[in-house]
Amino acid sequence: RTTANAFGLSVTPNPVSESAFVSLMMEQPSKVVVTLQDITGKTVMVLANGQLPQGLNELTLDASTLKSGIYILSVEDSRNNKSYQKVIVR
C-alpha cells in the first residue's frame, strides 16, 4: 500500500530551516525505515532504521547541514506499506 499518508505522517514545521519534528502513527509495532532523499533520489539522511512501537512516534530531522531545496521523506515498513512527504528546506 503506497499512500501520501499511510502512517499519519507529518513534518512540522515545513518549510524547515534548522530542525523539524517528524511524526508517524504506527497501527502496530513494526520495523520501519525512514529516509530523507534529495530530488535525484539520493538518500541524504536516515532518521530511523529499526523497530518502532505502536502509537505515535516522533523523530527529529536535523536540517542544519542540508542545502536549500526540496526533499522527499520516505517511510517504509516491513509489510511494504510506503508513505511519502515533501519537505522544503530553506
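This is a predicted model, so every value here is computed, not measured.
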[Y] side chain reached by [X] side chain, heavy atoms, under 4.5 Å:
X: Phe7; Y: Asp77; value: yes
X: Ser74; Y: Lys82; value: no
X: Asn57; Y: Ser23; value: no
X: Ser78; Y: Ser30; value: yes

For this session: Could you list the residues that satisfy side-chain hydrogen bond (donor to acceptor under 3.5 Å, both in side chains) with Ser19, not counting sequence neighbours?
Result: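 For Ser19 there are no side-chain hydrogen bond (donor to acceptor under 3.5 Å, both in side chains) partners, ignoring immediate neighbours.
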Which donor-acceptor pairs under 3.5 Å do the side chains of residues 58-68 make with protein atoms, sequence neighbours left out?
residue: Asp62; atom: OD1; partner: Ser64; partner atom: N; Å: 3.0
residue: Asp62; atom: OD1; partner: Ser64; partner atom: OG; Å: 2.7

For this session: Could you pull out the closest heavy-atom pair between Gly55 and Met25, with the gap in Å?
Result: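 Looking at all heavy atoms of both residues, the closest pair is C-SD, 3.2 Å.
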For this session: Please lay out, stage by stage, how Gln85 and Ile72 fare under the test side-chain contact (heavy atoms from CB on, under 4.5 Å).
Result: CA-CA 6 Å; Gln85 174 77 37; Ile72 302 298; over 6 Å; no
Donor-acceptor pairs are to be reported for all side-chain atoms of residues 34-45 against protein atoms at under 3.5 Å, with residues two or more places apart or in another chain.
residue: Asp38; atom: OD1; partner: Thr40; partner atom: N; Å: 2.9
residue: Asp38; atom: OD1; partner: Thr40; partner atom: OG1; Å: 2.6
residue: Asp38; atom: OD1; partner: Gly41; partner atom: N; Å: 3.2
residue: Asp38; atom: OD1; partner: Lys42; partner atom: N; Å: 3.0
residue: Asp38; atom: OD2; partner: Thr40; partner atom: OG1; Å: 3.4

Exercise. Between Glu18 and Arg90, is a side-chain contact (heavy atoms from CB on, under 4.5 Å) present by the stated rule, with each step listed?
Worked result: CA-CA 8 Å; Glu18 291 293 319; Arg90 292 187 181 172; over 6 Å; no
For this session: May I ask whether Met26 and Leu47 are part of the same hydrophobic cluster, defined by side-chain heavy atoms of I, L, V, M, F, W, Y residues being less than 4.5 angstrom apart, directly or through others?
Result: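 They do share one cluster, since a chain of ILVMFWY contacts under 4.5 Å joins Met26 to Leu47.
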For this session: Return yes if some donor-acceptor pair links the side-chain N/O of Asn14 with the main-chain N/O of Ile88 below 3.5 Å, else return no.
Result: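 Side chain of Asn14 to backbone of Ile88: a pair is present.
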Problem set entry | Trace of the side-chain contact (heavy atoms from CB on, under 4.5 Å) decision for Val87 with Val16 | CA-CA 7 Å; Val87 177; Val16 179; 3.8 Å; yes
Exercise. Taking atom types as modelled, is there a side-chain donor on Asn49 or Lys31 under 3.5 Å from an acceptor on the other?
Worked result: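 On atom types as modelled, these side chains qualify, holding a pair under 3.5 Å.
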